[in-house]
Amino acid sequence: MGTALIYDDEMTNYKLLWVDSICNIEVPERLTVCYEALMRTGLADRCVSIPVREATDADILLVHSEEYLEAVKKTPYMTLAELMEFTLQYGDVYFHPNIYHCAKLAAGAALQLVDSVMTGAVRTGMALVRPPGHHSMRSAANGFCVFNNVAIAARYARQKYGLERVLIVDWDIHHGQGVQYCFEDDPSVLYFSWHRYEHQKFWPNLRESDYDTVGKEKGAGFNINVPWNRVGMRNSDYLSVFFHILLPVAYEFCPDLVLVCAGFDSAIGDPEGEMCASPDIFAHLTHLLMNLAGGKLCAVLEGGYNLTSLPQSVCQTVQTLLGDPAPPLGSLEGPCRSALESLHCVRSAHKPYWSCLKYAADLPASESSSKHDKLAEETKDKAEKETVKEEKVWPEPQKRVCPPVRAALILPDNVTCPAGCQRFSSTEGLDPATISKLREKFSKDGENNSSLTTLPSLVALVDKMENHEIYSGLALVQDVSMAMTCTVQHAAALFQRKTLLVQFSGNISDKPIGKYHVPVCLKKGCGDVSGFMHAVLSLLLPLGYEYDPNLVLLVRMPGCGIWDSVWQQLTGLLQGLAQGHTLILMQEEEKPCFVPTVSCLLGNAAPSLASLCAPLPEDTEEVEKLRYHLQTDWKLLQTTVSDLH
Ligand SMILES: CC(O)(O)NCCCCN
Ligand SMILES: [Zn+2]
């Protein structure tokens, strides 16, 4: 299924009409540079273009009050002086005779996106809109926002499609307090936001933007605030929060739909965020959310004020929605101390509400309230001394080209090759010496068992992945451990190759734990979905991202007992690594589950898991023990400040 792109240049037809040094960054060019970039790169043509529509009064009243709507309705007829007067009652926002019209289009665009995803016309999509929405409240415009586009979309989706659970991920660098207020007592909408906070010294300076605001009454636990108390956060800081807070909670919440407040002022170069995450991080943030809710993901533009990193980030997001391989992120160095403090505080604040955080560490002693206020005082003094904003530079994101063959399969002759895949058996390009060497190395006691015949094809397949002719592969073989040994040895022999080998077997590994050997023994083996997903999200993914392999080898030993649904989630998630070069080895008898596996290799979303229950205590302790043991080597495994040595 396709990816929707919703945009209309009518939303560029309003702008600031007077001098205002706060609002002057919210310019029409924000939309035009994004749309032009999507056109120039050919990404727009690959999307399904869905027209905008005006949100109706009923749509807007899902979130806003009648008096507010009536007041905004008067703005098209106001003189300049009246517009300025009208604006004064709100914070950090401006009005224009045409902004009401554009605000209806922005909200309507989000609703069109929800409709096209929920009706199955497309699987995912992005709405390029302005004015943004996540600061606007029931009866107030705020922070360049007039109507709360995403909050309206969430209410609309729940009402029209009877959804039980909606996840809102707000990666804009500002706290969407309007969204928080809207759903803070509502357990059916989980709102996650990270935001520049600097101990309340950054706009909108709200005490309730801190990590200890977790939601009210029935909504307790369903509001997650991650404050960034320093600027300069990088890719590792963002990924740590996804691996150790958002993803475990999101999988436990098990949403029917994912809405993203896609603000890109969290990217490097933005004057508001002053962060250092590269535009291609949004390819990974998007990818990591795409296997939730059966892939139903709607991204709606919020902020983003650097006219270079904004379009780059938008293109990275759309290209991932289209299924192109995620770019390599280069060396990740682990979260900085301040990010680790925030991570630690958020996990401990939400410990009572989420079983995946049941074993999270308690609040660090330093977070006692007196320390909290003192720190706020200190930071205020520092923040008041106007710091000069240095000009940031960053490399143009790397071109992401999808290899001509999306999935190559090595199959026994009697197994049909599913549509969209290519049967692979050629050993062309392999010199005979290699083939005979494989034979003598792997043939046991002379018998010429047929699994020998697949080895040269496997070697040839790895070579074609190496030079990006093939995206991913799968082999149904007779002897999976021989195939594994051969593949690992060959891949290791290739220049500069790092192979992440993930092996699923029923029996316990005897080799000791090491930096490059991590046996995870779960009490019920791969059969326990929540224990398994816990290990994948908080151990395997961080390890894999930090290792940054060129190849991911997934080996399913016979009788490992892994559930197909979990196997598909894993296959989907791991395609964020190695530019999607995933090679799967399975025993021939496992034929029944190879078609759903192939579906994930083809970029289709994995089916949603059921809501995860608590992992077994033994399994959580096993994962925590491994994490603790390995985090000196692998910094992305850290989750508490005490982890810093
Ligand atoms: C949409 C948004 O979050 O980027 N708006 C930021 C407003 C900043 C006002 N100082
Ligand atoms: Zn913002």
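Note that ligands are numbered from 1 as they come in the structure, with each ligand's atoms numbered from 1 the same way.
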> With a 4.0 Å heavy-atom cut-off (strictly under), which part of I173 contacts ligand 1: side chain, backbone, both or neither?
Replying inline: neither

> Can you list the atoms of ligand 1 that are under 4.0 Å from a heavy atom of H174?
Replying inline: 2 (C), 3 (O), 4 (O), 6 (C), 8 (C)

>> Side chain or backbone, does D172 bring an N or O within less than 3.5 Å of an N or O on ligand 1?
In response: yes

> Quick one: does S266's side chain have a donor or acceptor within less than 3.5 Å of a partner on W171's backbone?
Replying inline: yes

> Relative to the Zn ion (ligand 2), how many protein N, O or S atoms have a separation of less than 2.8 Å?
Replying inline: 4

> Is there side-chain contact between L332 and R234, with heavy atoms separated by less than 4.5 Å?
Replying inline: no

> So does D59 pair up with R155, basic N to acidic O under 4.0 Å?
Replying inline: no

>> In terms of relative ring orientation, are W18 and Y94 parallel, tilted or perpendicular, with 30° and 60° separating the classes?
In response: perpendicular

> Against heavy atoms of E272, which atoms of ligand 1 measure under 4.0 Å?
Replying inline: 8 (C)

> To which protein heavy atom is atom 5 (N) of ligand 1 closest, and what is the distance rounded to 0.1 Å?
Replying inline: G143 O, 3.1 Å

> Which of the atoms of ligand 1 are close to Y305, meaning less than 4.0 Å from one of its heavy atoms?
Replying inline: 1 (C), 2 (C), 4 (O), 5 (N), 6 (C)

> Going by an N to O cut-off under 4.0 Å, is there a salt bridge joining R46 and D324?
Replying inline: yes

>> With a 4.0 Å cut-off on N to O distance, would you call R207 and D212 a salt bridge?
In response: yes

>> Is E26 close enough to touch ligand 1? Criterion: a residue heavy atom under 4.0 Å from a ligand atom.
In response: no

>> Give the atom numbers and elements of ligand 1 that come within less than 4.0 Å of a heavy atom of H134.
In response: 1 (C), 2 (C), 3 (O)

> Counting each atom of ligand 1 from 1 as listed, which ones have a heavy atom of D265 under 4.0 Å away?
Replying inline: 4 (O)

> Does anything in residues 33-53 pair up under ring-ring contact (aromatic ring centres under 6.0 Å, His included), and if so which pairs, sequence neighbours excluded?
Replying inline: Y7-Y35

>> Between E274 and R196, does any NZ, NE, NH1 or NH2 come within less than 4.0 Å of an OD or OE carboxylate oxygen?
In response: yes

>> For Y68 and H64, take the angle between the two ring planes, folded into 0 to 90°, and tell me which bin it lands in: parallel under 30, tilted 30 to 60, perpendicular over 60.
In response: tilted

> Passes salt bridge (Lys or Arg N to Asp or Glu O under 4.0 Å), E341 versus R337? Steps please.
Replying inline: CA-CA 6 Å; E341 279 171 5; R337 176 174 193 86; 3.4 Å; yes

> Can E198 and R230 be counted as an ion pair, charged N to O under 4.0 angstrom?
Replying inline: no

> Distance from F86 atom CZ to T75 atom OG1, nearest 0.5 Å?
Replying inline: 6.0 Å

> Quick one: which ligand 1 atoms are inside 4.0 Å of a heavy atom on P132?
Replying inline: 1 (C)

>> Using a 4.0 Å cutoff against the non-hydrogen atoms of G303, which atoms of ligand 1 qualify?
In response: 1 (C), 4 (O)

> For atom 9 (C) of ligand 1, what is the nearest protein heavy atom, given as residue, atom name and distance?
Replying inline: D92 OD2, 3.3 Å

